[in-house]
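When reading the values below, keep in mind they use all heavy atoms of this one structure, side chains included, and skip hydrogens, waters and symmetry mates. By convention here, the first residue in the shown sequence is residue 1.
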Amino acid sequence: MNILTTSWTHPAGANFSEACAIITTNPGQPGAAFFVSTTGPAVSPNQNVSGVLNPNGQADFRVAILNVGQYTFTVTVRSTANVERTAAASVIVTSANSTCPTVPAS
């Protein structure tokens with residue numbers, strides 16, 4: 001399992017920013033559950049993210065943050081066979097705007 005393409009965005013008119021990333025599995029784990037925990041200087045409350053990987057074993061996610069700085073994602077993927085894998089990656093959010101990656105539709 002990998003965390004790829006970490007980034008961030010500052011949505012216009014919002015009072016928060018978003019740190020974001022793409023999860024991939026190899027071999028693909030379609031239907032596997034994923035859980036994201038985020039640490040950093042100003043993570044919005046209640047920002048634990050979870051979901052299910054798409055048919056290609058991928059997902060994108062966004063976490064609301066309140067300030068620039070370094071944020072670390074810890075992602076656990078639980079396969080349909082109940083096997084867990086964990087990976088971590090960081091992103092340094094600056095005041096310059098960027099864009100969040102998205103997984104192409106499968």
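- Checking side-chain atoms of D60 against main-chain N and O of V103 turns up a donor-acceptor pair under 3.5 Å.
- The shortest heavy-atom contact between I22 and P101 is CD1-CB, 3.6 Å.
- Within the 4.5 Å cutoff, the side chain of T74 has heavy atoms near those of the T86 side chain.
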Legend entry - Stepwise side-chain contact (heavy atoms from CB on, under 4.5 Å) test for Y71 and W8: CA-CA 10 Å; Y71 292 84; W8 69 93; over 6 Å; no
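- Enclosure of atom CG in L66 by more than 12 non-hydrogen atoms of other residues, nucleotides or ligands within 6.0 angstrom is indicated.
- Put simply, the side chain of L4 reaches to within 4.5 Å of the side chain of T24, judged on heavy atoms.
- The line from OG of S79 to CD of Q29 is 5.5 Å long, rounded to the nearest 0.5 Å.
- Nearest heavy atoms, H10 versus N97: N-OD1, 2.8 Å.
- Atom CD in Q58 sits 10.0 Å away from atom CG in N26 (nearest 0.5 Å).
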Side-chain donor-acceptor distances from residues 33-51 under 3.5 Å, at least two apart:
{"from": "S44", "atom 1": "OG", "to": "A64", "atom 2": "O", "distance (Å)": "3.4"}
{"from": "Q47", "atom 1": "OE1", "to": "A64", "atom 2": "N", "distance (Å)": "2.9"}

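- Across all non-hydrogen atoms, the minimal contact from V93 to V68 is O-CB, 3.2 Å.
- Nearest heavy-atom pair, P11 versus E18, reported as atom, atom and distance to 0.1 Å: CG-OE1, 4.0 Å.
- Atom CZ of R85 is separated from atom CZ of R78 by 13.0 Å, given to the nearest 0.5 angstrom.
- One distance of note links CZ of R62 with OG of S17; it measures 11.5 Å at 0.5 Å rounding.
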Legend entry - Residues T9, T99; criterion side-chain hydrogen bond (donor to acceptor under 3.5 Å, both in side chains); working and verdict: CA-CA 5 Å; T9 187; T99 57; over 6 Å; no
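- Nearest approach of G31 to T80, heavy atoms of both residues: O-CG2, 3.9 Å.
- Of all heavy-atom pairs spanning I3 and A21, the tightest one is CG2-CB, 3.8 Å.
- Looking only at side-chain heavy atoms (C-beta outward), I65 and F16 stay at 4.5 Å or farther from each other.
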